[in-house]
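Report on the structure given below.
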Amino acid sequence: MQKNISFLVGFILFTAFVGCKEDKNIANTKTVTSPSIDQSESRQGDTTVIKERPKDIEVPKGMVWVPGAVFDQGAVAQDKMAMNHEKPAHKVAVDGFFMDITEVTNAQFKKFVEETGYKTVAEREIDWEEMKKQLPEGTPRPPDSIMQPGSLTFKKTKTSVPNLYDFSQWWNWTIGANWRHPNGPGSSIKGMDDFPVVHIAYEDALAYCEWAGRRLPTEAEWERAARGNQTRTIYFWGDDESPLSKMANTWEGEFPVTNNKADGFERRAPVRSFAPNDFGLFDMAGNVWEWTSDWYNTTYYNDLFSQNTIIKNPNGAESPFNERDPYAREKVMKGGSFLCNASYCASYRVSSRMATSLDSSLEHLGFRTVATPDMLRNRKK
């Protein structure tokens, strides 16, 4: 039994890639695969972008206009914490769009569920036939006592952790954990309407977007929005990390043992608890990770850079590819979370990016939505 429990937890952890560490050699190794660049992207030529909000479109409630721009996506030169999969920086052109001021909250997601009856991935029975497609052939099926609905929850360790690559030291597969019970059975979101909704798998986010008439941001859109007017800085507020506790909800102390709560929170914080960036967007650093629509592909940034062109409105890699795990089908998440720590990953940096499998739901993963002027025009028709 214990062997099977370990297997299931290990499978979920490694496909989710919930940690912040990476193999420093991965992104510098060019691997011959199918082209990773989405061929629907606009190539060099017209890089004129929509900067001003069209006058015929009002700003939707709860959103702000993000002006279009040509900018360098990826790690800035002075960022000593930058990981290889954040490099090399490459120029992209992004049209203006509307973005949610905050992450989608419990109250917003609850309204969606009440109107549609939607059940999240973490609340559904586990489909072994679907799961084993992502595993080596012949992997044994875990017992029914383990194959029950749930999600990953965080647990502090009692002592220092010398090996920060072993995610199982601070993550639990918790049966009964989901968006309604974010810390597991017995926990509740009562009185937490303005907290970001979590334990949201990719298809859950897509379902919400369809209901709301929105979509998930691309990675380039997310980074453009997060940078604001600080186009060449490590953090959305500049290069100085000293104001961190006033700017973001992160792990301050020894991870994952002690959080001194210098920012006022140990886990999730209500949205709008910290200062917004230049565009009026909250929590673009820390609190919870956020889904984007881009496939995670370890060769993608190198492929873009090698094109020596400015890509307009990039949609990410054409297909997923992770050199650590050929079975993985992962999307990019951005922004970091309340678990990010300077000694570990500092993923509250703007260029930070991590990979998460489509069916993963986690205590520190949520989302926000975007809309383009054309989407809003079509919705009126």
Side-chain angles (χ1 to χ4, degrees), residues 9 12-13 15-18 62 100-127 130-131 147-155 170-217 249 265-273 282-283 286-293 330-331 333-339 354 356-370:
V9 172
I12 294 168
L13 289 173
T15 57
F17 191 45
V18 296
D100 289 339
I101 294 173
T102 72
E103 309 96 307
V104 173
T105 64
N106 286 324
Q108 291 171 314
F109 198 79
K110 181 180 179 181
K111 182 179 180 182
F112 155 65
V113 170
E114 288 175 344
E115 292 189 9
T116 64
Y118 184 82
K119 182 180 289 188
T120 62
V121 170
E123 297 172 283
R124 303 174 200 165
E125 295 298 321
I126 296 175
D127 186 343
E130 185 62 32
M131 178 184 285
M147 296 285 287
Q148 296 184 46
S151 189
L152 285 164
T153 60
F154 171 77
K155 61 173 181 178
W170 59 86
W171 284 103
N172 273 332
W173 171 249
T174 304
I175 294 172
N178 53 56
W179 74 276
R180 300 177 190 272
H181 308 287
N183 300 327
S187 65
S188 170
I189 58 171
K190 185 177 181 180
M192 301 175 69
D193 281 355
D194 58 348
F195 280 66
V197 67
V198 291
H199 294 295
I200 300 298
Y202 188 73
E203 68 177 86
D204 302 332
L206 293 186
Y208 178 94
C209 286
E210 182 176 0
W211 169 79
R214 305 286 188 261
R215 64 169 171 80
L216 290 175
N249 178 18
F265 301 93
E266 184 166 48
R267 294 198 175 192
R268 297 172 303 280
V271 299
R272 301 175 186 260
S273 292
F282 293 84
D283 286 343
N287 212 16
V288 299
W289 285 97
E290 300 177 17
W291 285 108
T292 74
S293 60
E330 300 163 310
K331 292 285 186 174
M333 60 180 185
K334 296 283 289 182
S337 79
F338 64 88
L339 296 179
M354 288 296 154
T356 301
S357 62
L358 299 179
D359 55 356
S360 292
S361 58
L362 304 154
E363 186 185 335
H364 69 343
L365 175 58
F367 70 108
R368 76 178 74 209
T369 73
V370 299

How many angstroms lie between atom OH of Y118 and atom CZ of F112, to the nearest 0.5 angstrom?
-> 6.0 Å
Exam field: side chain K334 to backbone E290, donor-acceptor pair closer than 3.5 Å = no
Pairs in or reaching into residues 176-202: which pass salt bridge (charged side-chain N to carboxylate O under 4.0 Å, His left out), with residues at least two apart or in two chains?
-> E123-R180
Judged by modelled atom types alone, do T369 and D100 share a side-chain donor-acceptor pair under 3.5 Å?
-> yes
Test side chain to side chain contact (heavy atoms under 4.5 Å, CB included) on D283 and T102 and set out the steps.
-> CA-CA 7 Å; D283 286 343; T102 72; 5.8 Å; no
Full working for side chain to side chain contact (heavy atoms under 4.5 Å, CB included) between T292 and K331 | CA-CA 7 Å; T292 74; K331 292 285 186 174; 5.5 Å; no
Give the minimum heavy-atom separation between V370 and P217, together with the two atoms involved.
-> CG1-CB, 3.6 Å
W289 and S337 have their tightest heavy-atom pair at CD1-CB, 3.6 Å
Would you indicate whether the side-chain heavy atoms of E363 and S151 approach each other to under 4.5 Å?
-> no
Quick one: pull up OG1 in T105 and NZ in K111 and give me the separation to the nearest 0.5 Å.
-> 11.0 Å
Where at least one partner belongs to residues 203-213, residue pairs that pass salt bridge (charged side-chain N to carboxylate O under 4.0 Å, His left out), sequence neighbours excluded = R124-E203, R124-D204
Who are the side-chain contact (heavy atoms from CB on, under 4.5 Å) partners of V197, not counting sequence neighbours?
-> V104, N106, F109, W179, I200, F367
Backbone N/O of I101 and side chain of R368: donor-acceptor pair under 3.5 Å = yes
Starting at CZ of F195, measure out to CG of N287 and round the result to the nearest 0.5 Å.
-> 8.5 Å
N172 side chain to T153 main-chain N or O, any donor-acceptor pair under 3.5 Å?
-> no
Stepwise side chain to side chain contact (heavy atoms under 4.5 Å, CB included) test for L152 and S360 | CA-CA 8 Å; L152 285 164; S360 292; 5.9 Å; no
Verify side chain to side chain contact (heavy atoms under 4.5 Å, CB included) between V288 and E103, making sure each step is shown before the conclusion.
-> CA-CA 8 Å; V288 299; E103 309 96 307; 3.8 Å; yes
CG (N178) and OG (S187) are apart, to the nearest 0.5 Å, by 8.0 Å
Taking C-beta and beyond as the side chain, do P185 and I175 meet within less than 4.5 Å on heavy atoms?
-> no
Do T356 and Y202 touch side chain to side chain, with heavy atoms closer than 4.5 Å?
-> no
Between R267 (side chain) and F154 (backbone), is there a donor-acceptor pair under 3.5 Å?
-> yes
Separation between CD (E330) and CG (D359), nearest 0.5 Å, reads 10.5 Å
Taken to the nearest 0.5 Å, the spacing of N249 CG from F265 CZ works out to 6.5 Å
Heavy-atom nearest pair, S361 first then A122, reads OG-CB, 3.6 Å
Which atoms form the tightest heavy-atom contact between F338 and E266, and what is the distance?
-> CD1-O, 3.7 Å
